[in-house]
Chemist: 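This is the structure, below, for whatever I ask next.
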Number of protein chains: 2
Amino acid sequence: MAQSIQRAINLIRLVAEHPLTLSEAADVLGVHKSTALRILQTLEAARFVRKTGAGTYVFGSGLIELSELALGSMDLRQFASAHLRVLQRQTGHTVHLAQLAGDEIVYVDKVDSPAFDAVKLPSRIGRAVSIYASAVGKVILAHLSQEERDRLLSHVTFERYTSTTFADRESLDAELTRVAERGWAIDDGEHDAYVMCVAAPIRDSRGQVIAAVSLTAIEVIASLDQLKEKLPLLLETSALISQELGFTPESSPAPSAS
Amino acid sequence: MAQSIQRAINLIRLVAEHPLTLSEAADVLGVHKSTALRILQTLEAARFVRKTGAGTYVFGSGLIELSELALGSMDLRQFASAHLRVLQRQTGHTVHLAQLAGDEIVYVDKVDSPAFDAVKLPSRIGRAVSIYASAVGKVILAHLSQEERDRLLSHVTFERYTSTTFADRESLDAELTRVAERGWAIDDGEHDAYVMCVAAPIRDSRGQVIAAVSLTAIEVIASLDQLKEKLPLLLETSALISQELGFTPESSPAPSAS
DNA sequence: AGCTACATTGCAATATACGCAACGCAAGGA
DNA sequence: TCCTTGCGTTGCGTATATTGCAATGTAGCT
């Protein structure tokens, strides 16, 4: 489709795995050395790769800087990081930090159980999450203004992933009302039947909900009820992160008890 | 130099900052829409960008996954992360985690002071550090085998950045002996005259030094002596991280007191 | 020194990526 | 309802940017 760009992408992939000399690069791509050189020089100018003293090409910092730029508010990650790790230890479950970015909700951090035999969830930093079939999505959606909510949902085509999915606007709105009232959301296998979550919102200094923390477990490991037992810890974590972002609880209406 | 690749890189940069429609992308690049489309499709196939429901292109997870792949042992970062953040709080100084990657030493994590008025150091995750003119470089070098040390230094061309730089192999070797004896290294403005560091080694389960933690401050903020006062905290941190990696202290010879 | 293996440059050929124009499609207004 | 407008998408001929070659430069090794 775009040969030279494809070659450049392949080269980046190779370099990310393992340092490469020019000749190796040319061999692997199946092109002449001069061709490989020109691609690498272009990538080098963008700092996507870097030339070492030994003459090999290695991964450059440009890509990492881009990732951080795209994940946006590094502030949020920096502030949240330590708290997420504490929460992981306290609960033993996988912790996610998701953020509203443009029209989507994207994972910006993830803390797995460090145990080697632990189940690694397929979620990945940088990936978008379903906005209506996830605990983080629902808890963020529930705390946005009506206009914002409409905007985010206007392009969505609802899909019933499992029997518990809220697959139409009416039932979703009813669920979001419940979520807004109690201040946290669950995911009862709404996207993947065996994946359970609880999520709590994170607010910035203006009191706006801009992100969410969640605890995730597959049902064999922990039932939804078992996850809910960790709610106090989860809510404490989200409150601490909000505080770090400059949020002062008294400046906003308290969630009504339901 | 490689026009289409350059255009692709520009597009990635734009998309990382802010979602883009096809027409906008074409306008900004100054090319026809069909050209922009083909570039975006290629990038999309590599998951470097992703198409949202609304038809805009946004940053894809492919780049982030690449970054994580390249930063290698996510294990180290996961294990170290919480400890680095604690150390930052305890000391108030910038904390770096640097790792031996191939022939070079690369920053894999960094924790700045969260204060808004704090000086942000120009170091960046993913960037290579001078191997002989940095505290992390020296402390890693000092604990490698002679062959490894020779290999890493064989391609180096020494440069006297400041008056304190160890700019030749003999004086560097003498310094490395001192570092190995006491188990930690300093950087007395050896690369940038006003930047001070102390660094301690991190060992994996085999007892091999594979990384280092450091505390950094510019001289106006803290003198080298003030940094040294934090040494107990630094050494505690590096010991804790090493333990998490499976290192058992008794299995290795204790550093001799100097 | 001479050899080998590598990176780099200049240049001509052509494959490749480009712009154009036509098409498809959806949203909004008359 | 139909027309208009603005978007993304496809096919195609052309020209330009990219390629491979061959020659040159450079460094490490015997």
Side-chain angles (χ1 to χ4, degrees), chain A residues 1-12 14-15 18-46 48-60 102-104 147 150-158 169, chain B residues 1-12 14-15 18-46 48-58 60 102-104 147 150-159 169:
Chain A
M1 196 169 294
Q3 195 190 57
S4 60
I5 297 175
Q6 192 59 54
R7 285 178 177 161
I9 291 172
N10 291 342
L11 261 190
I12 294 176
L14 290 166
V15 162
H18 138 82
L20 225 56
T21 71
L22 175 61
S23 304
E24 286 168 348
D27 281 353
V28 178
L29 284 189
V31 298
H32 198 266
K33 285 188 299 182
S34 57
T35 304
L37 176 67
R38 280 179 285 245
I39 297 174
L40 284 168
Q41 282 175 335
T42 308
L43 293 176
E44 195 186 1
F48 281 18
V49 304
R50 185 166 39 87
K51 205 176 178 179
T52 68
T56 59
Y57 288 88
V58 299
F59 201 73
D103 289 355
E104 302 194 306
E147 301 83 56
D150 287 340
R151 186 175 66 81
L152 292 181
L153 290 175
S154 61
H155 298 298
V156 166
T157 51
F158 286 95
R169 187 64 198 266
Chain B
M1 197 169 295
Q3 193 190 58
S4 61
I5 297 176
Q6 193 58 55
R7 286 177 176 162
I9 291 171
N10 291 342
L11 261 192
I12 294 175
L14 290 167
V15 163
H18 138 81
L20 226 56
T21 71
L22 175 62
S23 304
E24 286 169 348
D27 280 353
V28 178
L29 284 189
V31 298
H32 199 266
K33 284 188 299 182
S34 58
T35 304
L37 176 67
R38 280 180 287 246
I39 298 175
L40 284 168
Q41 282 176 337
T42 308
L43 293 176
E44 194 185 3
F48 280 18
V49 304
R50 185 166 39 86
K51 206 176 177 177
T52 67
T56 58
Y57 289 88
V58 298
D103 290 355
E104 301 194 308
E147 301 82 56
D150 286 342
R151 186 176 66 80
L152 292 181
L153 289 175
S154 62
H155 297 297
V156 167
T157 51
F158 287 95
E159 195 173 334
R169 187 63 198 268

Chemist: Does Ser4(B) make a side-chain N or O approach to OP1 or OP2 of dA17(D) shorter than 4.0 Å?
Modeler: no
Chemist: Polar atom pairs between nucleotides 5-9 of chain C and protein, under 3.5 Å, N or O only, would you list them?
Modeler:
residue, atom, partner, partner atom, Å
dA7(C), OP1, Leu22(A), N, 2.9
dA7(C), OP2, Ser23(A), N, 3.1
dA7(C), OP2, Ser23(A), OG, 2.3
dA7(C), N7, Lys33(A), NZ, 3.4
dT8(C), OP1, Lys51(A), NZ, 2.4

Chemist: Just grab all the side chain to side chain donor-acceptor pair (under 3.5 Å) pairs involving residues 28-37 of chain B, residues at least two apart or on different chains.
Modeler: His32(B)-Ser34(B), Ser34(B)-Arg38(B)
Chemist: Apply side-chain contact (heavy atoms from CB on, under 4.5 Å) to Ile9(A) and Leu43(B), showing your working.
Modeler: CA-CA 8 Å; Ile9(A) 291 172; Leu43(B) 293 176; 4.1 Å; yes
Chemist: In whole angstroms, how far is the C1' atom of dA17(D) from the CD1 atom of Ile5(B)?
Modeler: 11 Å
Chemist: Tell me the interatomic distance from Gln6(A), atom CD, to dT19(D), atom P, rounded to whole angstroms.
Modeler: 13 Å
Chemist: Does any part of the side chain of Leu14(B), heavy atoms only, come nearer than 4.5 Å to the side chain of Leu11(B), both counted from C-beta?
Modeler: yes
Chemist: Quick one: closest heavy-atom pair of Ser4(B) and Ile5(A), and the distance?
Modeler: O-CD1, 3.7 Å
Chemist: Could you check how far CD1 of Ile39(B) sits from P of dG19(C), rounded to whole Å?
Modeler: 9 Å
Chemist: May I have the distance from Arg7(B) (atom CZ) to dT16(C) (atom P), rounded to whole angstrom?
Modeler: 17 Å
Chemist: Can you check side-chain contact (heavy atoms from CB on, under 4.5 Å) on Val15(A) and Arg50(A), steps first, answer last?
Modeler: CA-CA 10 Å; Val15(A) 162; Arg50(A) 185 166 39 87; over 6 Å; no
Chemist: A side-chain contact here means heavy atoms from C-beta on lying under 4.5 Å apart; do Arg169(B) and Asp150(B) qualify?
Modeler: yes
